[in-house]
2 protein chains.
Amino acid sequence: MTPLFGPRAPATQLATSLLPGELRRPEVPVEKSSRTAEIIDAARTILEAEGADALTMRRIADRLGIQAPSLYKHFASKKAIEVALVTDGLAEIGEATHSALHEPGSSSPIARLLVAYRALCVANAAVYRLATQSSFARDELPAGLEEWAGNPFYVVTGDPALAQALWSFAHGMVVLELDGRYPAGSDLDAAWRAGARAFERATSTGDL
Amino acid sequence: MTPLFGPRAPATQLATSLLPGELRRPEVPVEKSSRTAEIIDAARTILEAEGADALTMRRIADRLGIQAPSLYKHFASKKAIEVALVTDGLAEIGEATHSALHEPGSSSPIARLLVAYRALCVANAAVYRLATQSSFARDELPAGLEEWAGNPFYVVTGDPALAQALWSFAHGMVVLELDGRYPAGSDLDAAWRAGARAFERATSTGDL
DNA sequence: TTCCTCGGCTAACGTTGTTAGCTGCCAGTA
DNA sequence: TACTGGCAGCTAACAACGTTAGCCGAGGAA
């Protein structure tokens, strides 16, 4: 299983033309020194292997063979490290969902979007969980990144209300799956399909 | 605004007959001493007023005029206090959604369920957030309580996959609303209606 | 050579959950 | 009445957390 992550395999924007309503990825200034990159790399490794509780400044520093206070030469706070982690995760998820819009396929755009969204969120499970903690400093994310990452849901429905409903469905499915909230033995594929079909019909029938 | 909460206004099971597929509320042994009740009451007050970060053992103890270690005479850990808080919240939400199934109304059962779910989750916003933190000790909740609280979604759809999809939609809407993840000025009522309509059609049309 | 910045370090602070161990009170019982 | 036991408080303390202050060596620029 190869890690599917930003800095390790930098996500590049495909040079395809935009669909109606599709946003372009916002420019995010990447001026990472090698040490900063190593720090978020170590943080991600710990986060994915042992979960959010294990992500402490001392553990991150340990992995790099330095002391915790030295991390503050590179990041202003632990929150800033988390923001860097989530920024990469959002970029990767957004990249995947945007490109799912353009891939041809036998299934509907909604189904393709949902499949891509689920796959990427599960692949970045720990980061996704981190981003949905209420203590996460969402307001320090790069401007426009969240909007861009959510944009495919607008493209695929063509209606703001339906887009938010579809996004909520997808987000809810992912969160409940990652937190193990469905009873054991649940057929989650069937639940995803059922939701996809409901929203496909809602878009094809028109709003009112 | 009167607080809508368990111990303050104990939720009683209505003596109506059950709908097809509807579960009865599990018996949860309530052997609360007066002090334990005071503790979870103080905890809830802090949580609702100042959020999860303010919910510390010392703050809870302060409100009762005692020292933090004394709390351990009544609860084994902070997690246990959180579990008690969420147990009450789940009971109240479940009570409301179950009774929404039985209320007659001009709107569909799905719409009534969603309206009740949203209202109760927003009323218990802080507790709902607490319950969705990944660090929450879900496995220590009373057996069957979560299943019973989610049961109305099965009753109203009649299909496991569709029920999980509908629950995911509702959960996603609530979580994103509570975390302020929708752009300012979003018409959330419209999003709820759009989702409700999509699932109404999905149930009436049959599964495949 | 001198000076400044970068990126390490140690020591320490305040806060968190939690444990150990002491004590006073009060009910029950010989 | 006297003894006893447990309930429920207390203080002191610990380890781990994020974070700050302040020191210092290396290396490049003037």
Side-chain angles (χ1 to χ4, degrees), chain A residues 7 30-47 49-86 126-127 129-131 133-140, chain B residues 29-47 49-86 126-127 129-131 133-140:
Chain A
V30 193
E31 21 94 27
K32 289 171 185 161
S33 78
S34 65
R35 207 43 160 170
T36 11
E38 286 174 7
I39 291 172
I40 71 173
D41 209 63
R44 186 170 45 240
T45 303
I46 295 169
L47 184 63
E50 302 175 56
D53 283 351
L55 188 68
T56 72
M57 298 301 268
R58 285 169 177 82
R59 294 271 286 111
I60 297 171
D62 273 356
R63 265 194 88 82
L64 300 173
I66 62 177
Q67 298 301 118
S70 300
L71 294 173
Y72 290 82
K73 302 292 182 180
H74 305 276
F75 287 92
S77 64
K78 187 187 174 190
K79 278 187 197 302
I81 297 180
E82 294 175 351
V83 166
L85 243 30
V86 172
V127 173
R129 257 176 150 126
L130 183 66
Q133 298 280 96
S134 59
S135 60
F136 176 71
R138 196 173 322 283
D139 49 336
E140 291 172 23
Chain B
V30 193
E31 21 94 27
K32 290 171 185 161
S33 78
S34 64
R35 206 44 161 169
T36 30
E38 286 174 6
I39 290 172
I40 71 172
D41 209 63
R44 187 168 46 238
T45 303
I46 294 170
L47 184 63
E50 303 174 56
D53 283 350
L55 188 68
T56 72
M57 298 300 267
R58 284 168 177 84
R59 293 273 284 113
I60 297 171
D62 272 357
R63 267 194 87 83
L64 300 173
I66 63 176
Q67 298 302 117
S70 300
L71 295 173
Y72 291 83
K73 300 294 180 180
H74 305 276
F75 287 91
S77 64
K78 187 188 174 190
K79 278 187 197 301
I81 297 180
E82 294 175 350
V83 166
L85 243 30
V86 172
V127 173
R129 258 176 151 128
L130 184 67
Q133 298 280 97
S134 59
S135 60
F136 175 71
R138 195 173 321 284
D139 48 336
E140 291 171 23

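Only heavy atoms go into these numbers, but all of them, side chains included; no hydrogens, no water, no symmetry mates. Lettering follows sequence order; numbering is per chain, from 1.
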- [ ] Output every pair passing side chain to side chain donor-acceptor pair (under 3.5 Å) with a member in residues 49-61 of chain A, not counting sequence neighbours, ordered by first then second residue.
- [x]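 Every pair satisfying side chain to side chain donor-acceptor pair (under 3.5 Å) with a residue in residues 49-61 of chain A: A/Glu50-A/Arg59.
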Roughly how far, to the nearest 0.5 Å, is [atom2] of [Y] from [atom1] of [X]?
X	Y	atom1	atom2	result
B/Thr36	B/Asp41	OG1	CG	11.0 Å
A/Ile39	A/Leu85	CD1	CG	12.0 Å
A/Leu55	A/Thr45	CG	OG1	10.5 Å

Task: First-last contacting nucleotides on DNA chain C - partner chain A, under 4.0 angstrom, heavy atom - done: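 First-to-last contact on DNA chain C, by the 4.0 Å heavy-atom rule, is C/dG7 to C/dA11.
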Open item on the list: Just to verify, what does A/Glu38 make a salt bridge (Lys or Arg N to Asp or Glu O under 4.0 Å) with, not counting sequence neighbours?
Closed with: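 Salt bridge (Lys or Arg N to Asp or Glu O under 4.0 Å) check on A/Glu38 returns A/Arg35.
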Task: Which residues share a salt bridge (Lys or Arg N to Asp or Glu O under 4.0 Å) with B/Arg138, sequence neighbours left out - done: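 Partners of B/Arg138 under the salt bridge (Lys or Arg N to Asp or Glu O under 4.0 Å) test: B/Glu146.
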- [ ] If a protein heavy atom is under 4.0 Å from the base, mark B; if only from the sugar-phosphate, S; if neither, -; do that for nucleotides 11-18 of chain D going 5' to 3'.
- [x] BBB---BB
Task: Where A/Phe136 and A/Leu130 come nearest, the two heavy atoms and their spacing - done: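 The pair with the smallest heavy-atom distance is CB-O, 3.7 Å.
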TODO: List the atom of B/Ala84, the atom of B/Ile40, and the distance in Å for their closest heavy-atom pair.
DONE: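 Where B/Ala84 meets B/Ile40 most closely, the heavy atoms are CB-CG2, 3.8 Å.
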TODO: Round to a whole Å and report the spacing from CD1 of A/Ile81 to C1' of D/dT19.
DONE: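 Roughly 12 Å, once rounded to whole Å.
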Using residues 60-77 of chain A as the side-chain source, report each donor-acceptor pair under 3.5 Å to any protein atom, sequence neighbours left out, with the distance given to one decimal.
from, atom 1, to, atom 2, distance (Å)
A/Ser77, OG, A/Lys79, N, 3.4
A/Ser77, OG, A/Ala80, N, 3.3

For nucleotides 22-27 of chain D, tabulate all protein N/O to nucleotide N/O atom pairs closer than 3.5 Å, reporting atom names and distance.
none

- [ ] Output all residues satisfying side chain to side chain contact (heavy atoms under 4.5 Å, CB included) with B/Ala126, sequence neighbours left out; order by chain, then residue number.
- [x]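 If we apply the side chain to side chain contact (heavy atoms under 4.5 Å, CB included) test to B/Ala126, skipping adjacent residues, the hits are B/Leu47, B/Glu48.
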